[in-house]
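The next block holds one structure in the form of structure tokens; read it before the comments.
Reckoned from all heavy atoms, side chains included, excluding hydrogens, waters and symmetry mates.
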Amino acid sequence: MSKPTAQFINVGERTNVAGSAKFKKLIFEDKYDEAVAIARHQVEGGAQIIDINMDDAMLDAVEAMDKFLKLIAAEPDISRVPVMIDSSKWEVIETGLKCVQGKAVVNSISMKEGVEPFKAAARRILRYGAAVVVMAFDEKGQADTVQRKYDICAKSYDILVNEVGFPPEDIIFDPNIFAVATGIEEHDNYGVDFIEATRLIKTHLPYAKVSGGVSNISFSFRGNDRVREAMHSVFLYHAIRAGMDMGIVNAGQLAVYSDIEPDLRERVEDVILNRRPDATDRLLEIADRYKGQAGQVRKEDLGWRELPVAKRIEHALVKGINDYIEADTEEARHLFDRPIQVIEGPLMDGMNVVGDLFGAGEMFLPQVVKSARVMKQAVAYLQPYIEAEKEEGARAKGKIVMATVKGDVHDIGKNIVGVVLQCNNFEVIDLGVMVPWADILKAANDHEADMIGLSGLITPSLDEMVTVAAEMERLGLETPLLIGGATTSRVHTAVKIAPEYSGPVTHVLDASRAVGVASTLVSTELREKFIKTTKEEYADILRKRLANPKANRLVSLADARANRPDMDYASHTPVRPAFTGAKVFEDYPLDELVDRIDWTPFFRTWELAGNYPAILEDAVVGESARSLFADAQAMLKQIVDEKWLTARGVLGFWPANADGDDVVLYDGDNRSDVIARFPFLRQQVEKREGRANDCLSDFMAPAGEKPDWLGGFAVTAGHGIEEHLARFKAAGDDYNDILLKALADRLAEAFAERLHERVRTEFWAYAPDERLSNEELIKERYAGIRPAPGYPACPDHSAKADLFRLLDATERAGIILTDSFAMVPTAAVSGFYFSHPEAHYFGVGKIGRDQLEDYAERRGVSLEQAERWLRPNLAD
């Protein structure tokens with residue numbers, strides 16, 4: 001670095017088990033002397049702070065942190081520099097803070113889980129007198145613009161200084177360094193955004209410092225160390241002049257700014273400072289000459305490269321091949337008068353082929369998402385040329401505003417639909433998750449949307465969709481409303497949502513139907529007939545439902561209770577768990593969960609029908625399934641090997657007994673102090689002779705008969721996912737974004753499955769001799785059940801609130817409940833454990849007014865509140 005950077009603080013990154021394979025290996029092999037040598041080399045190479053991270057599923061991070069810090073404290077060459085304690089676990093951080101001599105830095109805290117957890121973490125760090133790294137991250141996500149970066153940092157600063165009493169000179173902001181030169185125009189200014197945000201922070205937030213992970217800026221050139229080092233040096237050259245104080249960077253591999261080859265430096269500077277629209281292309285032109293090794297020889301058949309350019313583009317789109325798309329797009333550009341014609345011509349022609357094949361069932365969703373990735377790359381390449389001519393973009397078929405409604409955080413299905421619509425030339429304005437109705441309708445008005453799409457997974461989402469429809473009616477709108485999501489249905493849309501809105505309302509079953517519905521709604525020839533037919537069909541569904549209400553097919557609550565199952569507790573004695581109270585799993589080994597993954601739902605996420613493993617050989621979808629499975633296996637290996645995700649969980653057992661349809665939990669074995677009461681619902685549908693009307697409380701010994709116990713759990717495999725999703729988003733990579741979310745969901749379910757297995761055999765041990773294959777586990781051949789709030793046997797999501805309180809799940813597992821009882825991270829599972837050998841899963845189904853009133857009284861809430869919670873289960 002040049003002389004003006006002398007005050008910059010290099011944070012060494014090699015003493016991090018997540019960032020250095022060599023350091024990790026030494027720690028695992030207990031070769032601490034050699035690991036200490038790495039720290040020494042970092043200091044000798046110019047690191048003025050060393051970042052130490054011991055978070056790994058197979059490592060006792062507390063012990064490793066304690067041992068390593070005590071060793072380096074005895075090394076004069078190392079102990080003269082401060083330590084940055086880097087961990088996601090408080091006990092590891094606290095261990096580090098107790099070991100360090102002098103002032104430490106904690107990496108990191110943010111407002112991503114809200115203001116109160118942010119303040120609580122800051123207060124604990126303040127007690128140890130440490131400095132803290134604060135990420136520009138709030139509940140809406142990572143800040144990616146100058147204004148968002150500064151606004152979040154300013155709010156954090158105000159809270160820390162004025163509410164917590166944190167010394168401003170001990171606050172280090174990280175305003176997020178994102179990759180540039182990704183080929184996506186929106187990312188071109190990310191380097192400038194960080195630099196300008198740094199300037200604002202240093203100007204308006206007195207004494208605060210600025211830091212960042214420098215290697216992120218060059219992610220697009222991974223594998224080309226020479227170009228990456230030049231990008232790091234150029235970025236730091238300008239960021240330091242704006243006030244950047246420190247950064248995580250390999251100090252021993254940082255090029256000297258003035259020594260960078262002039263041509264390379266100029267082109268890198270163009271990229272970092274976004275000085276010209278073709279900056280990325282110009283850097284790519286010379287990047288290969290700096291590669292340290294020749295590229296691998298391709299083995300695929302390249303005969304298609306001899307086709308005319310339009311056919312090459314079509315082939316690349318259909319096959320999802322992006323290796324040559326920019327070169328082919330450039331060649332096509334010279335065949336047309338205007339660059340926009342490349343989009344309107346060969347690119348859209350190719351995507352039309354993709355759409356036709358998808359519609360005909362000859363292409364499948366994973367392939368379509370890969371096609372979208374190629375299309376985006378081609379459009380991004382053309383964007384600078386389009387802007388240079390000040391052309392308008394290619395005319396879209398129509399605009400759709402999409403959102404996951406307020407209270408819900410699930411978005412995989414919505415994102416898939418968005419990608420498919422974009423592939424078919426629709427402009428999609430995706431508002432994200434947890435979106436209030438007012439924001440949805442404002443966006444639709446601002447963008448002059450042709451339609452609005454609502455998505456939701458948890459059952460409270462259904463009620464929020466009704467609210468959106470009612471508000472659209474109140475405002476006199478006529479915009480078509482599309483309804484989708486796992487818990488939605490055509491019948492529910494017709495009976496509950498359509499009556500609230502006189503405009504067009506349509507249920508969209510899945511992504512494959514979305515294009516047809518959207519295309520019809522923007523067609524002048526087809527629109528009116530489709531709307532009329534849909535309204536008539538929905539009105540007919542409503543008429544039939546009202547003429548034959550399900551309430552007529554229900555028995556009274558009293559009769560249902562009289563028909564409860566006989567569980568015969570005279571011959572069954574419940575097993576006492578190995579412990580009562582909670583057990584925490586801070587960093588569960590991911591490799592232990594891989595074998596417990598149920599792959600069938602994974603393929604269904606991608607709308608590939610069939611059961612695993614037979615789906616891999618299916619005559620129709622087998623090829624697509626195999627390709628998707630190979631990609632999933634490769635990413636899963638990275639997730640485990642590189643510790644992309646952290647699995648955390650908590651389980652607990654409490655003395656309990658049934659009290660009618662309630663399960664009562666006690667503080668101790670004397671069973672006198674009640675700590676919780678879970679009211680459950682009973683089936684009311686009329687049963688044939690010999691079949692009982694079930695309720696979960698039936699699987700618990702009644703009070704006064706025998707002691708029994710209830711278990712509960714909450715697990716997630718979603719911690720750490722945000723930075724990788726941000727990376728894929730920055731690269732415009734929808735395919736890997738969706739793939740990662742789907743795998744995180746599968747790992748969370750696998751965690752729940754594995755933990756339940758250990759409950760049965762180890763922690764509760766009511767089935768200690770169980771020996772089941774993974775296939776048998778998936779088929780639920782085990783004793784006992786783990787029903788989850790929001791699912792058929794326990795449809796009220798609000799039960800999670802008391803379960804989370806008992807488990808202290810937010811503190812112990814890092815899982816947060818939204819106001820509508822959705823869990824964050826979204827890759828999370830929670831539920832109860834029942835041990836009775838005859839316990840089984842069932843669906844409550846529809847309930848009558850008598851049970852609704854009884855439930856509201858037992859639950860201690862108003863009838864209106866109970867109606868909102870149980871609306872999908874209320875008989876007509």
Side-chain angles (χ1 to χ4, degrees), residues 1 5 7-14 16 18-19 42 46-51 53 82 84 86 105-112 131-138 141-154 156-157 170-182 187 189-203 205 208-222 228-251 253-255 257 268 271-274 722-724 726-727 730:
M1 303 302 297
T5 69
Q7 300 306 311
F8 179 77
I9 297 172
N10 287 325
V11 181
E13 62 179 351
R14 309 312 295 170
N16 184 325
Q42 287 276 278
Q48 292 130 320
I49 295 179
I50 52 173
D51 180 272
N53 184 302
M84 181 177 284
D86 188 349
V105 181
V106 172
N107 186 13
S108 62
I109 63 173
S110 74
M111 295 190 294
K112 68 179 180 180
V132 66
V133 176
V134 180
M135 304 296 293
F137 202 140
D138 63 8
Q142 287 180 289
D144 58 356
T145 64
V146 173
Q147 198 58 50
R148 279 257 302 149
K149 290 173 190 289
Y150 174 73
D151 288 346
I152 293 175
C153 291
S156 302
Y157 183 90
D170 286 348
I171 300 171
I172 304 164
F173 286 114
D174 185 339
N176 305 324
I177 299 174
F178 294 128
V180 295
T182 64
H187 309 156
N189 215 51
Y190 278 164
V192 177
D193 286 335
F194 181 92
I195 291 167
E196 293 306 315
T198 296
R199 208 182 307 278
L200 288 172
I201 291 168
K202 298 300 290 186
T203 301
L205 306 179
K209 309 294 188 297
V210 174
S211 181
V214 178
S215 62
N216 291 346
I217 197 76
S218 64
F219 180 80
S220 300
F221 286 86
R222 56 197 182 279
R228 295 195 74 176
E229 288 172 14
M231 292 179 74
H232 300 164
S233 182
V234 169
F235 175 79
L236 285 173
Y237 181 87
H238 294 281
I240 289 167
R241 279 158 178 73
M244 186 178 181
D245 301 281
M246 61 181 67
I248 298 178
V249 60
N250 189 338
Q253 295 181 351
L254 192 61
Y257 176 82
V268 166
V271 167
I272 297 296
L273 300 180
N274 194 17
E722 294 90 353
E723 65 178 279
H724 300 287
R727 177 159 51 88

For residues Ala181 and Val271, report the shortest heavy-atom separation together with the two atoms involved. CB-CG1, 3.8 Å

Side-chain contact, heavy-atom cut-off 4.5 Å: Phe235 with Ile177? yes

Would you compute the distance between atom CD of Gln42 and atom CD1 of Ile50 and round it to the nearest 0.5 angstrom? 8.0 Å

For the side chain of Ser218 and the backbone of Ser215, is there at least one donor-acceptor N/O pair under 3.5 Å apart? yes

Test your reading of the model: is there a side-chain donor-acceptor pair from Lys149 to the backbone of Ala136, 3.5 Å cut-off? no

Working to the nearest 0.5 angstrom, can you tell me the gap between Met244 CE and Ile201 CD1? 10.5 Å

Dump the intermediate steps for side-chain contact (heavy atoms from CB on, under 4.5 Å) on Lys112 and Glu722, then the final yes or no. CA-CA 10 Å; Lys112 68 179 180 180; Glu722 294 90 353; 4.1 Å; yes

Quick one, Phe178 with Asn216, criterion side-chain contact (heavy atoms from CB on, under 4.5 Å). Give me CA distance, side-chain angles, the key distance, then yes/no. CA-CA 6 Å; Phe178 294 128; Asn216 291 346; 5.9 Å; no

Would you compute the distance between atom CD1 of Ile217 and atom NE2 of His232 and round it to the nearest 0.5 angstrom? 8.5 Å

Leu205 vs Cys153, side-chain contact (heavy atoms from CB on, under 4.5 Å): CA-CA, chis, key distance, verdict: CA-CA 9 Å; Leu205 306 179; Cys153 291; 4.2 Å; yes

Enter the distance from Ile195:CD1 to Ile272:CD1 here, rounded to the nearest 0.5 Å. 7.5 Å

Close side-chain approach of Val134 to Ile171, heavy-atom, < 4.5 Å: yes

Spacing of CZ belonging to Phe173 relative to CG belonging to Leu200, to within rounding of 0.5 Å: 12.5 Å

Please determine whether a side-chain nitrogen of the Lys or Arg among Arg148 and Asp193 lies less than 4.0 Å from a carboxylate oxygen of the Asp or Glu. no

Min side-chain heavy-atom separation Val133-Val105 under 4.5 Å: yes

Is there a side-chain contact between Val11 and Asn107 in this structure, where contact means two heavy atoms from C-beta onward sitting under 4.5 Å apart? no

For Ser211 and Ile172, which heavy atoms make the closest approach, and how far apart are they? CB-CG2, 3.5 Å

Are the side chains of Val180 and Val192 in contact, using a 4.5 Å heavy-atom criterion? no

Would you kindly say whether His238 and Arg241 are connected by a side-chain donor-acceptor distance under 3.5 Å? no

Is any side-chain heavy atom of Phe194 closer than 4.5 Å to one of Val210? yes

Heavy-atom side-chain contact between Val268 and Met231 under 4.5 Å: yes

If only atom types and distance count, is the side chain of Asn176 paired as donor or acceptor with the main-chain N or O of Ala143 below 3.5 Å? yes

Is Ile152 close to Phe137 at the side-chain level, that is, under 4.5 Å between some pair of heavy atoms? no

Does the side-chain contact (heavy atoms from CB on, under 4.5 Å) test come out yes or no for Lys202 and Asp245, once each step is laid out? CA-CA 10 Å; Lys202 298 300 290 186; Asp245 301 281; 3.0 Å; yes

Just verifying a value: how many Å separate Asn16 CG and Met84 CE, rounded to the nearest 0.5 Å? 11.0 Å

